[in-house]
Amino acid sequence: MKNDLQWIYTDLNEEQRKAVCHIDGPVLILAGAGSGKTRVLTYRIAHILSEKKAAPYQILAMTFTNKAAAEMRERIQKLIPEMLAGMWIGTFHSLFARLLRREGEKIGYNSNFSIYDVDDQLTLIKIIMGDLKLSIQNLSPKMISYKISAAKNAMISPQQLTEQAGNPVDEVAAKVYIEYEKRLIVLNAMDFDDLLIKPIHLFQQYPDVKENYQNKFNYLLVDEYQDTNRAQYEVLHLLAEKRKNICVVGDDDQSIYRWRGADVRNILEFEADYPNCAKFRLEQNYRSTQNILSAAHSVIKNNIKRHAKKLWTDRPVGETVTLMTVFDEREEARYVVNQIGIEFRKADRRFYDFAVLYRTNAQSRVLEDSLRADGIPYVIVGGVKFYERKEVKDVLAYLKVLVNPADTISLKRIINYPLRGIGDVTVNKLQTFAQENNKTLFKTLSKASSVPGIQEPTAKRVTSFYKLLKKYRSLRKELSPAEIASSLIEETGILKQFKEDTSVESQTRAENIRELLVAIVDFSHSTSGTTLEEFLQHVSLTTDIDSWDDKKNAVTLMTLHAAKGLEFPVVFITGLEDGLFPLSRMSDDPFALEEERRLFYVGATRAKDKLYLTWAKNRRKFSENPAQVKSRFLNELDTRFIESVMSKSVKSHQIRRPQLFDNPNSMPDYENESQEYKEYHVGMRVKHQLFGKGVILKIDNRYGVKLLVLFDTVGEKRLVLPYAKLEIL
DNA sequence: TCCCACTTTCTTTTT
DNA sequence: GAAAGTGGGA
């Protein structure tokens with residue numbers, strides 16, 4: 001430990017120091033972007049420990065991402081290396097998962113419960129909807145799943161949802177919800193939301209357990225408090241109830257997870273919840289230039305629902321923010337790559353100094369193409385996540401079953417993978433038998449020959465599959481997770497089937513499976529644990545951003561959401577078009593629109609020295625390429641901090657109106673055509689130059705205009721309006 | 001039971 | 001522009 005707490009005085013500003021030194025009681029720290037909030041949190045922990053207010057194991061520090069937790073650990077390690085062990089620092093989900101592994105028995109779970117991701121959840125919901133004979137045609141399982149998750153995050157029980165259900169969709173959701181909760185218990189599985197809710201149930205049902213933890217955790221610290229949802233709020237409240245030593249840090253301007261149930265009111269009303277709380281405001285920004293800060297502020301100040309505040313910096317004014325207008329997304333990508341080259345030479349930068357941000361993951365593709373073409377190294381954070389790839393999930397399903405045989409969802413995933421002649425019909429027979437005899441599917445596998453309707457050869461295949469699982473289950477104690485996994489992959493022939501196929505797809509799948517094995521080995525060597533159970537939990541609760549390596553010399557591509565908490569010398573925010581950012585369906589809902597604006601603010605304040613904003617006049621979506629209107633956020637920007645530029649092709653385009661389809665590279669100008677779309681309606685008779693006469697059956701306006709037309713001679717055809725030259729009859 | 005070809009759907013953002 | 005779902009034939 002550094003001597004005499006000198007560091008508290010030398011490393012912190014006045015307000016930070018106050019926040020660090022006020023140890024007891026509830027504390028609210030409103031920390032603006034780049035104001036050193038992680039520093040305050042870590043110094044606070046160090047201070048508590050050095051004042052001997054608590055032992056390390058009495059401290060509970062919660063973040064949203066593993067990355068943030070890891071950073072906190074690292075910084076504490078530097079301040080007081082000997083005190084780190086035993087501290088509960090981690091994400092909400094991982095810390096509560098840990099707690100539930102210990103205490104879950106009390107509420108009907110085994111300590112080896114599975115954690116279901118969105119994909120598993122959806123599978124389960126589809127099964128339930130099938131069993132309840134609910135039509136998937138009218139109500140998408142996704143919608144139901146979303147409703148259930150929203151209810152859970154808002155702490156609404158199945159019974160309450162049933163009572164409140166005001167429309168048919170909610171009624172169905174409530175029905176499924178009831179069954180869903182029952183089945184999760186039987187499967188010995190929890191979804192992400194359960195990890196937050198179950199501790200609450202536990203504490204409510206077992207006051208002695210609650211008290212245990214209240215006593216244990218002397219000091220609570222919560223990062224990104226503005227993004228907590230109702231369940232998180234509640235569980236924190238229960239834990240802090242007794243001692244009220246809770247310190248939350250957050251910024252209402254950076255609340256961007258409302259769609260996942262986050263409730264800004266949690267931070268706005270903290271003072272009301274904890275009446276005698278101390279409040280500190282960190283408003284000095286150490287990150288960005290004045291121009292960047294002023295530009296960001298000129299946009300965020302348009303939000304009505306916010307604490308009025310203004311960050312300041314003593315950093316130089318810096319370069320103006322560049323606003324670039326380009327013709328389409330390909331030109332946007334080329335521009336970004338070009339500027340990276342220019343900045344690179346101009347300011348002696350490294351590739352890791354650059355971040356390219358976008359609203360949706362789909363936008364990364366074009367950017368990747370351009371970067372690759374110029375040989376610039378890049379990393380993508382997010383997108384299709386490694387552990388969510390089909391082949392990876394298949395292998396993981398094997399491991400999950402080994403750990404938790406009650407996990408029928410995972411079992412069904414692998415029962416015929418790789419193909420071993422156990423089809424749907426057989427599985428259904430087995431399941432019916434299992435239900436009738438009140439056994440798990442796993443147990444029933446061993447008795448396949450006594451299940452009515454299953455032929456001898458099929459029963460043999462089933463029992464040999466059972467023996468396979470049984471064998472590996474008993475090997476768990478003797479072999480390491482990596483040995484089990486690689487032996488399993490070998491014996492089942494999962495890798496072999498990909499190796500035999502020479503297609504690129506199979507090769508990457510094989511590659512991914514090998515990568516998974518490497519990940520298991522790596523994990524075994526890490527400090528976090530060595531058992532299969534621990535590995536599976538790690539996988540379930542790890543995201544892409546957590547494995548992002550900021551030291552790797554590559555340009556970073558990621559969504560604005562993923563960028564929260566990070567900083568880069570040069571930042572590009574791309575795709576600033578109305579409908580994309582802000583996303584179109586957000587524009588009607590004022591709350592959602594404000595959230596989009598906060599997202600813009602988060603993005604802009606990631607930049608230290610230089611910020612680029614780009615928008616394209618045309619952007620390809622699916623197969624269409626509609627004209628775009630610039631984002632309303634760009635209109636809100638104070639022009640004093642901005643320099644507007646236009647690409648050559650945009651300039652020339654303003655003079656020369658393009659002919660429709662005159663060459664393949666020039667896209668048709670739709671601006672006046674959008675009016676015409678409205679002239680079509682269902683039932684109208686039309687004529688197509690190829691298909692002849694027909695009648696319009698359906699008009700789909702969601703992503704560009706698509707028509708379903710029944711032609712007199714060729715039957716039904718799907719048409720995309722700008723390209724289908726239709727004549728109205 | 002399996003395989004292939006065709007159709008449909010999805011696109012916000014994530015622990 | 002992929003990935004899951006559907007349906008018919010072997």
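Residue numbering restarts at 1 for every chain, and letters A, B, ... go by the order of the sequence lines. FYI, side chains are in, hydrogens and waters are out, and symmetry mates aren't considered; it's all heavy atoms of this structure.
Considering only side-chain N and O atoms, Lys126(A) lies under 4.0 angstrom from the phosphate OP1 or OP2 of dG5(C). When the side-chain nitrogen and oxygen atoms of Asn361(A) are compared with OP1 and OP2 of dT11(B), none of them lie within a distance under 4.0 Å. Side-chain N/O atoms of Thr559(A) include one lying less than 4.0 angstrom from OP1 or OP2 on dT14(B).
Across all strands, Asn66(A) comes closer than 4.0 Å to no nucleic acid atom at all (heavy-atom distances). Heavy atoms of Phe92(A) sit nowhere under 4.0 angstrom from any nucleic acid atom. Looking at heavy-atom distances under 4.0 Å, Ser540(A) makes no contact with the nucleic acid at all. Across all strands, Val118(A) comes closer than 4.0 Å to base atoms (heavy-atom distances). Contact annotation for Leu195(A): no contact, since no heavy-atom pair falls under 4.0 Å across all strands. Using a 4.0 Å heavy-atom criterion, one finds that Phe64(A) contacts the sugar-phosphate atoms exclusively.
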CA sep, side-chain torsions, deciding dist, call: His561(A), Tyr257(A), ring pair (Phe, Tyr, Trp, His ring centres under 6.0 Å)
CA-CA 9 Å; His561(A) 281 87; Tyr257(A) 286 103; 5.3 Å; yes
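At a cut-off of 3.5 Å, with distance as the only test, no side-chain donor of Asn229(A) or Asp263(A) sits close to an acceptor on the other residue. For the residue pair Asp407(A) / Tyr116(A), a side-chain donor-acceptor distance below 3.5 Å is found, with atom types taken as modelled.
Comment: Glu596(A) does not engage Arg258(A) in a salt bridge, judged by the lack of any side-chain N to carboxylate O separation of less than 4.0 angstrom.
Stacking of Arg101(A) on the aromatic ring of Phe113(A) is recorded, both the 6.0 Å distance cut-off and the 45° axial limit being met.
Stem list for DNA chain B (at least 3 consecutive Watson-Crick or G-U pairs, distances under 3.5 Å): B:1-10 with C:1-10.
Nearest to the side chain of Lys142(A), among dC10(B), dT13(B), dA4(C), sits dC10(B).
With sequence neighbours excluded, the residues forming a side-chain contact (heavy atoms from CB on, under 4.5 Å) with Ser540(A) are Ile115(A), listed by chain and number.
Stacking between Tyr257(A) and dT14(B) is absent: the ring centroid is not both under 5.5 Å from the six-membered base ring centre and under 30° in plane angle.
Between Phe633(A) and Phe581(A), the gap from one ring centroid to the other is short of 6.0 Å.
Each of Arg260(A) and Ala362(A) has a nearest nucleotide on DNA chain B; the 5'-most of these lies closest to Ala362(A).
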